[in-house]
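Here it is, the structure in full.
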Amino acid sequence: MIEKSYNPKEVEEKLYNFWIENGYFRAESRSEKPPYCIVIPPPNITGSLHIGHALDATVQDILIRWKRMSGFNALWLPGTDHAGIATQNVVEKELKRQGLDRGKLGRDGFIKKVWEWKEEYGGKIIYQLKRLGASCDWGRERFTLDEGLSMAVREVFVRLYEEGLIYRGDYIINWCPRCHTAISDLEVEHEEHRGKLYYLKYPFKDGRGYVIVATTRPETMLGDTAVAVNPDDNRYKNIVGKIVRLPILNREIPVIADELIDPSFGTGAVKVTPAHDPNDFEIARRHGLSFIKIMTGDGRMSEEAGHYKGQDRFKCRENVIKDLKKLGLLSDIKDHIISLGQCYRCNTVVEPYLSKQWFVKTKPLAEDAIRAVMDGRINIIPSGWRNSYFDWMENIKDWCISRQIWWGHRIPVWYCQKMQNAKCKMQNGVIVSRDAPTACPYCDAEAAALKQDEDVLDTWFSSALWPFSTLGWPDKTQDLKTFYPTNVLVTGFDILFFWVARMVMIGLKFTGEIPFKDVYIHALIRDALGQKMSKSKGNVVDPIEMIETYGADAFRFTLTAFAAQGRDVKFAVDKVEGYRHFINKIWNAARFILINITEEDEIKPVKEISCLSLADRWILSRLSGVISDVNKSLEEYRFNDSANILYQFIWHEFCDWYLEMAKSSLYGDDKKTRHAAINTLLHTLEMSLSLLHPFMPYITEKLWQSLPAPRRAVSKSLCIHPYPRAEDSIKDENAEGKMNTIMDAITGIRTIRGELNLSPSIELKAMIKTTNGTKDILNENIVYISKLARVKGIEIGEDIKKPDDAAIAVKPTMEIFVPLKGFFDADAEIKRLEKEILKIEESASFIRKKLANREFIGKAPKTVVEENNTKYEEFIEKIQKIQENIEKLKQWRK
RNA sequence: GGGCGGAUAGCUCAGUUGGGAGAGCGCGGCCCUUACAAGGCUGAGGUCACAGGUUCAAUCCCUGUUCCGCCUACCA
């Protein structure tokens, strides 16, 4: 009826389809239930699911399933990102293979190709999310280039422009010569490299000497239009205003003074290349210097570079150095660590490059975004990330949003080519519009005379609107009303600035509300050695392979169990294997329970059962604690805690202790006892499955479906079944206390068996000397002791005499004797006991010192002193009892 | 340059208001006990990086040091 082990492959797909067909993941636009909403961080259409996505999605699915079961109108809104540069790169590579390039296809032809590519491969990651068990509302899936979202993008652009928060201008931006586009500051990755610092001699025009400048990029000297020194630098005061002759090109350039120059660096004199360095650009603006672009967009030298024209920038560097050396103008070369900016998409060294781009003025937006986190409307978890957030926001710089690529949201700006009146000329013919204009609004020029801006927007511009554009904004939709602001955003810290910060800024600006209440930032997953996973290192773990091998549940549970807040996860495959064992344990526990139920068993809620055994009451009490702990840890985003609490409870308390104890009730003659045990087993199993469902949806659903019908009367599927709440079970301190005594007795006997290497096949007896109060507890539950400790015949009493040839174990209120006729070794036993005393004495002496300290007695809280007293007395009593027994043994040995 | 995080059992890591440390894996021993050998029972193993300070009491709070990781920056 139920197989011996769990086979995820047979189950997962069927169950997922079952959920989908029944629409369990669909959220209601209008509902009586309170809303709970998460928008997915949209993965790139180019990507396939990597382990980071898997963790991200698992966490979101846990939250959504938990809330859904807890009675919320839960919406997990899925979708994908068009990923401008990345996708364009991928498709271009593909075209190259076919002997095509985008130039040949033209803009429209190329975009058509990308859409074709997207249709074919873009859904891969969605399919993979489904394999993981993600309970997204797929009917609401969005793509950043959807018509609705595109409309939102244009709306935001136009309004920002109209408010003066978007502007266009010539500035130094980061240029990737390979991607052939501008990228934002964030898209540049800095890495330290061993480089050189070159000292160049710039001779004075008057022939009297020279000034030495230091640079890491000597080739840029071709674009120098000044030499700068600090105005307070006494070494150079006399040369400010003089003219130097730029080597090689022989251009005459001035020596100027500017505060920005740090006299302590290099020689204190700096070459100024306004078109190729952001600092120099600022200096040039202050001093009215000219801007000379010595490079083209593909990283080669331009017309302005004289005879170096056409050379690659790095080749040119070598040549310039060679030539300067020949001219005797190379003063020195020193080793120097330089921080090299590289394109985060293709690793090409980025070039600071003067060009006309669109920018968002971010300062005014950042102020509100800072306030929202400062005053707690947005809660970042773990809170350590608040500082990074503030730091970035407070030092924010304008955001370059135009990209010189084709795949993306085309900038909604048109330029009138005619400019046939003064009004049009005053506007420079710039038309910013939500829709393609049919005529020039200024001079009535016809549509054909209007040329749209060639550039597209940074992909992150559209992602910034994701939490509300996906819900229908700018329309005032019911979804928006119901689900916005969303509840939590789950993501990795690597896109805190890229995405989270910008969503906050744009969300506040356009909806007047925060986009989400909580930001949960999870760990980054690394390989077993702690290195970042990357394709080039070949250390990536494929989630689908994990799912194939171990099942989605084991994989998900592993990610969850290791994802402690604020710490990276070192991922190793054998960890998944460990949790697969847990899955199997659950399976077999359920299997045991199910095969023990017969037709005659009456299934009833545990609350209606009167004669629960001690073990029954104990496990129900423990369950009650677990239910509240799990809910609490989920509330606080401590997923690893939730996972570990459940693991510990199910394996060690439910399976190791309760199941074993329940066996005696199941196989015994008393019908009432059996009835109570069966129903306690079922109840605890069902509650455990429910608690576990958000973490491991498949096996829990599968097993839940196999429960006897009365247990499933409320719902058709576990995923919409009520999540356990603390009041579902009864806390019973009394039962827990008594069980501890029983467990102590059992463990005491087991330890003797274990330490003396006695095979379970050796039949043992036990005698327990105890107090009056404990005597009854033990007697009432004597079956558990004999069964679990494997002893035949137990004597319990206040005045039990220890047999001479018995091993002993001392527990609070109990002395346990295990007679070992025949194979008793008194010397070994004495040794064992002496070791035991040593161990206890060690702990006791610590407390003794503490209790001897008057300050401790006087200043520590009464409860702490009390606790220590009790503990100490226990230790001493134990030591005494063991000592007495040692004496007896020594006596006997003689 | 600025900032953040980590250092706890052989390995990977928990440890939430400071009261003398836990888990998983691994390791030793005994077991195929009829849900599970992907299992059961049991055991060994730790001056909680180092040095100071606060406190009756510090793995936990403060300061400094060393090593490792990360983020950030207009270090020409």
Side-chain angles (χ1 to χ4, degrees), chain A residues 2 4-6 172 185 190 197 213-217 220 228 260-262 264-266 269-273 277-282 336-339 352 382 384-385 387-388 391-392 395 397 493-494 496-497 524 526 528 530-532 561-562 564 566-572 574-575 577-596 633 636 638 640-641 644 647-648 652 655-656 659-660 663 667 746-747 750-762 787-790 843 846-847 850 853-861 863-865 867-868:
Chain A
I2 179 162
K4 215 175 164 186
S5 64
Y6 171 61
I172 299 275
D185 295 339
H190 295 274
L197 190 59
V213 296
T215 179
T216 54
R217 299 163 64 217
T220 62
L260 201 67
I261 308 305
D262 172 8
S264 66
F265 188 89
V270 178
K271 56 189 275 316
V272 180
T273 321
D277 182 279
N279 279 332
D280 295 0
F281 178 80
E282 290 304 322
H336 183 65
I337 302 291
I338 48 171
S339 158
W385 292 106
N387 286 337
S388 301
D391 187 57
W392 189 75
N395 300 301
K397 280 178 299 174
F493 62 80
D494 47 336
L496 181 62
F497 308 139
L524 211 72
R526 300 170 175 282
Q531 293 179 307
K532 219 167 168 173
F562 283 96
R567 193 163 184 155
D568 290 347
V569 179
K570 278 187 210 161
F571 188 89
D574 57 344
K575 291 178 178 171
E577 203 171 319
Y579 283 105
R580 184 184 54 170
H581 296 176
F582 179 45
I583 303 281
N584 193 241
K585 189 77 182 174
I586 296 165
W587 180 262
N588 276 292
R591 179 165 165 262
F592 166 76
I593 294 166
L594 294 174
I595 56 184
N596 271 292
S633 58
E636 292 167 8
R638 294 182 350 253
N640 61 320
D641 281 354
N644 288 318
Y647 182 96
Q648 213 62 29
H652 297 303
C655 292
D656 286 350
L659 241 55
E660 293 306 320
K663 281 176 186 172
Y667 305 144
I746 294 166
T747 311
R750 281 174 172 175
T751 304
I752 289 172
R753 207 188 266 281
E755 288 193 345
L756 299 179
N757 296 343
L758 303 173
S759 153
S761 57
I762 297 171
K787 183 122 173 90
L788 270 69
R790 307 190 140 263
S843 316
F846 268 117
I847 303 186
K850 222 193 256 191
N853 186 344
R854 259 192 219 149
E855 299 232 62
F856 172 72
I857 304 289
K859 291 185 180 169
T863 50
V864 174
V865 177
E867 264 170 41
N868 277 280

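Please read all numbers here as calculations on a predicted model, not as lab measurements.
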Problem - For atom CG of A/D280 and atom P of B/rC75, their distance in whole Å - result: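 Distance, rounded to whole Å: 12 Å.
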Practice task
Measure up the A/W385 and A/F493 rings against each other and bin them: parallel (under 30°), tilted (30 to 60°), perpendicular (over 60°).
Solution key: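 Because their plane-to-plane angle is under 30°, the rings of A/W385 and A/F493 count as parallel.
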Handout entry: Gap between atoms CG and C1', on A/N640 and B/rG24 respectively (whole Å)
Key =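 It works out to 13 Å between those atoms.
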Handout entry: Cation-pi geometry met for A/K585 and A/Y647 (6.0 Å, 45°)
Key =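 No, A/K585 does not sit over the ring of A/Y647.
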Exercise for the section: Could you pick out which residue, A/G754 or A/W385, lies toward the 5' side of RNA chain B when each is mapped onto its nearest nucleotide? Expected result: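 Counting from the 5' end, the first nearest nucleotide belongs to A/G754.
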Exercise for the section: State whether the side chain of A/R750 and the backbone N or O of A/R790 hold a donor-acceptor pair below 3.5 Å, judged by distance alone. Expected result: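 Side chain of A/R750 to backbone of A/R790, a donor-acceptor pair under 3.5 Å: no, none is there.
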Handout entry: Base partner of B/rC48, which must satisfy Watson-Crick or wobble distances under 3.5 Å
Key =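 Answer to the pairing question: none, since B/rC48 forms no Watson-Crick or G-U pair.
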Practice task
May I ask you to say what A/I857 touches in the nucleic acid, namely base, sugar-phosphate or nothing, with a heavy-atom cut-off under 4.0 Å?
Solution key: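 Nothing, no nucleic acid heavy atom in range.
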Handout entry: Paired nucleotide for B/rU59 [Watson-Crick or G-U wobble; both distances under 3.5 Å]
Key =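 Its partner: none found.
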Handout entry: Closest non-hydrogen atom pair, A/K850 against A/F856
Key =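 Minimum heavy-atom separation between A/K850 and A/F856: O-CD2, 3.4 Å.
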Practice task
Find the distance A/L524:CG to B/rC70:C1' and express it as a whole number of Å.
Solution key: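 My rounded result for the distance is 10 Å.
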Problem - Base partner of B/rU12, which must satisfy Watson-Crick or wobble distances under 3.5 Å - result: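 B/rU12 is paired with B/rA23.
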Exercise for the section: Check A/N868 against A/I847 and note the closest heavy-atom contact, atom names and distance. Expected result: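 Looking at all heavy atoms of both residues, the shortest contact is O-CG2, 3.5 Å.
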Problem - Minimum heavy-atom distance A/Y579-A/A561, with the two atoms named - result: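 The pair with the smallest heavy-atom distance is OH-CB, 3.4 Å.
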Handout entry: Pairwise C1' distance, B/rU54 and B/rC61 [rounded to whole Å]
Key =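 The answer is 8 Å between these two C1' atoms.
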Exercise for the section: Classify the nucleic acid contact of A/R638 as base, sugar-phosphate or nothing, counting any heavy atom under 4.0 Å across all strands shown. Expected result: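 Base: the residue A/R638, judged by heavy atoms under 4.0 Å, touches a nucleobase.
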Problem - Whole-Å distance separating the NZ atom of A/K859 from the C1' atom of B/rC56 - result: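 Answer to the nearest Å: 6 Å.
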Practice task
Tell me whether the OP1 or OP2 atom of B/rG24 has a side-chain N or O from A/H652 closer than 4.0 Å.
Solution key: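 Yes, such a contact exists.
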Handout entry: Base-pairing mate for B/rA35 - Watson-Crick or G-U, with both contacts under 3.5 Å
Key =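 Paired with B/rA35, as far as the under-3.5 Å criterion goes, is no nucleotide at all.
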Problem - G-U wobble or Watson-Crick pairing nucleotide for B/rC30 (cut-off 3.5 Å, both distances) - result: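 Here B/rC30 is engaged in a pair, and the nucleotide opposite it is B/rG40.
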Problem - Whole-angstrom distance between B/rG28 and B/rA14, as gauged at atom C1' - result: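 Between the two C1' atoms, the distance is 25 Å.
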Practice task
Looking only at side-chain atoms of A/R580, point me to the closest of B/rA38, B/rG24, B/rG19.
Solution key: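 Of B/rA38, B/rG24, B/rG19, B/rA38 is nearest to the side chain of A/R580.
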Practice task
Could you tell me whether a side-chain N or O of A/N596 sits under 3.5 Å from a main-chain N or O of A/F592, the two making a donor and an acceptor?
Solution key: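 Looks like yes, one N/O pair under 3.5 Å.
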Problem - Span that lies between the C1' atom of B/rG45 and that of B/rU34, in whole angstrom - result: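 About 36 Å, rounded to a whole number of Å.
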Problem - A/R790 CZ to B/rG40 C1', straight-line distance once rounded to whole Å - result: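 Going from CZ in A/R790 over to C1' in B/rG40 covers 9 Å.
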Exercise for the section: Just call it for A/S339: base, sugar-phosphate, or nothing, with non-hydrogen atoms closer than 4.0 Å on any strand. Expected result: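 Base: the residue A/S339, judged by heavy atoms under 4.0 Å, touches a nucleobase.
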Problem - Nearest-neighbour nucleotide for the A/K575 side chain, B/rC31, B/rA14, B/rU12 considered - result: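 For A/K575, the side-chain atoms sit closest to B/rU12.
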Problem - Distance test, side-chain N/O of A/T751 to OP1/OP2 of B/rG43, below 4.0 Å - result: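 Result: yes.
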Handout entry: For B/rG69, the Watson-Crick or wobble counterpart (both distances under 3.5 Å)
Key =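 The answer is B/rC4, by the H-bond criterion.
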Practice task
Ignoring backbone atoms, test whether A/H190 places a side-chain nitrogen or oxygen under 4.0 Å from the OP1 or OP2 oxygen of B/rU72.
Solution key: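 No.
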Practice task
Can you tell me, in whole Å, how much space there is between the P of B/rG46 and that of B/rU8?
Solution key: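 Straight-line distance between the two P atoms is 15 Å.
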Exercise for the section: Give one of base, sugar-phosphate or nothing for A/D277, where a contact means two heavy atoms less than 4.0 Å apart. Expected result: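 No contact at all - A/D277 keeps every heavy atom at 4.0 Å or more from the nucleic acid.
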Practice task
Using atom CG of A/L756 as one end and atom C1' of B/rA44 as the other, report the distance to the nearest whole Å.
Solution key: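 In whole Å, B/rA44 C1' lies 16 Å from A/L756 CG.
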Handout entry: Closest nucleotide among B/rA76, B/rG40, B/rG29 to the A/K585 side chain
Key =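 Closest of the options to the side chain of A/K585: B/rG40.
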Practice task
Tell me whether the OP1 or OP2 atom of B/rA35 has a side-chain N or O from A/Y667 closer than 4.0 Å.
Solution key: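 Answer is yes, contact under 4.0 Å.
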Practice task
Take A/L758 and A/N387, find for each the nucleotide of RNA chain B with the closest heavy atom, and name the residue whose nucleotide sits nearer the 5' end.
Solution key: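 Residue closer to the 5' terminus by nearest nucleotide: A/N387.
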Exercise for the section: Give the nucleotide from the list B/rG43, B/rA76, B/rA35 with an atom nearest to the side chain of A/E660. Expected result: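 The answer is B/rA35.
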Problem - Any A/K570 side-chain N or O less than 4.0 Å from OP1/OP2 of B/rC13 - result: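 Yes, because at least one side-chain N or O of A/K570 sits under 4.0 Å from OP1 or OP2 of B/rC13.
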Handout entry: Pairwise C1' distance, B/rU65 and B/rG40 [rounded to whole Å]
Key =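 The same atom, C1', in both gives a distance of 49 Å.
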Problem - Given B/rC56, B/rU12, B/rC36, the nucleotide with the shortest approach to the side chain of A/E855 - result: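 Of the options given, the side chain of A/E855 lies nearest B/rC56.
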Exercise for the section: Choose from B/rU72, B/rA38, B/rA35 the nucleotide whose nearest atom is closest to any side-chain atom of A/F592. Expected result: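 My answer, after comparing the listed nucleotides, is B/rA35.
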Practice task
Would you mind reading off the distance between A/Q648 atom CD and B/rG24 atom P, rounded to a whole angstrom?
Solution key: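 After rounding, the gap between these two atoms is 6 Å.
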Handout entry: Proximity to the side chain of A/K4 - top-ranked nucleotide from B/rG24, B/rA76, B/rC36
Key =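 Nearest to the side-chain atoms of A/K4, counting from C-beta on, is B/rC36.
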Practice task
Indicate whether the side chain of A/N584 and that of A/N588 have a donor and an acceptor atom separated by less than 3.5 Å.
Solution key: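 Note: A/N584 and A/N588 side chains meet the donor-acceptor criterion.
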Practice task
Would you indicate, yes or no, if B/rA35 has its OP1 or OP2 atom less than 4.0 angstrom from a side-chain nitrogen or oxygen of A/K663?
Solution key: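 Indeed, a polar side-chain atom of A/K663 lies that close.
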Practice task
Report the distance from atom CG of A/D641 to atom P of B/rA23, rounded to the nearest whole Å.
Solution key: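 A/D641 atom CG is separated from B/rA23 atom P by 15 Å.
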Exercise for the section: Might you point out which heavy atoms bring A/K271 and A/R217 nearest each other, and give the distance in Å? Expected result: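 Where A/K271 meets A/R217 most closely, the heavy atoms are NZ-O, 4.3 Å.
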Handout entry: Listed nucleotide nearest any side-chain atom of A/N588, set B/rA76, B/rC36, B/rU33
Key =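 Nearest to the side-chain atoms of A/N588, counting from C-beta on, is B/rC36.
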Practice task
Would you indicate which nucleotide in B/rG19, B/rG43, B/rA35 comes nearest to any side-chain atom of A/V864?
Solution key: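 When the side chain of A/V864 is considered, B/rG19 is the closest of B/rG19, B/rG43, B/rA35.
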Practice task
Sticking with atom C1', work out how far B/rC60 lies from B/rG18, rounded to a whole angstrom.
Solution key: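 After rounding to an integer number of Å, I get 6 Å for this pair.
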Problem - Integer angstrom distance from the C1' of B/rA9 to that of B/rC27 - result: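 Comparing C1' positions in B/rA9 and B/rC27 gives a spacing of 12 Å.
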Handout entry: Same-atom distance (C1') from B/rU17 to B/rC32, integer angstrom
Key =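 49 Å, rounded to whole Å.
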Practice task
Classify the nucleic acid contact of A/R854 as base, sugar-phosphate or nothing, counting any heavy atom under 4.0 Å across all strands shown.
Solution key: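 Touches nothing.
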Handout entry: Per A/C655 side chain, nearest of listed nucleotides B/rU42, B/rA35, B/rC41
Key =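 Output: B/rA35.
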Exercise for the section: Scan A/N868 against the nucleic acid and name what it touches under 4.0 Å (heavy atoms): base, sugar-phosphate only, or nothing. Expected result: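 Counting heavy atoms under 4.0 Å across all strands, no contact is made by A/N868.
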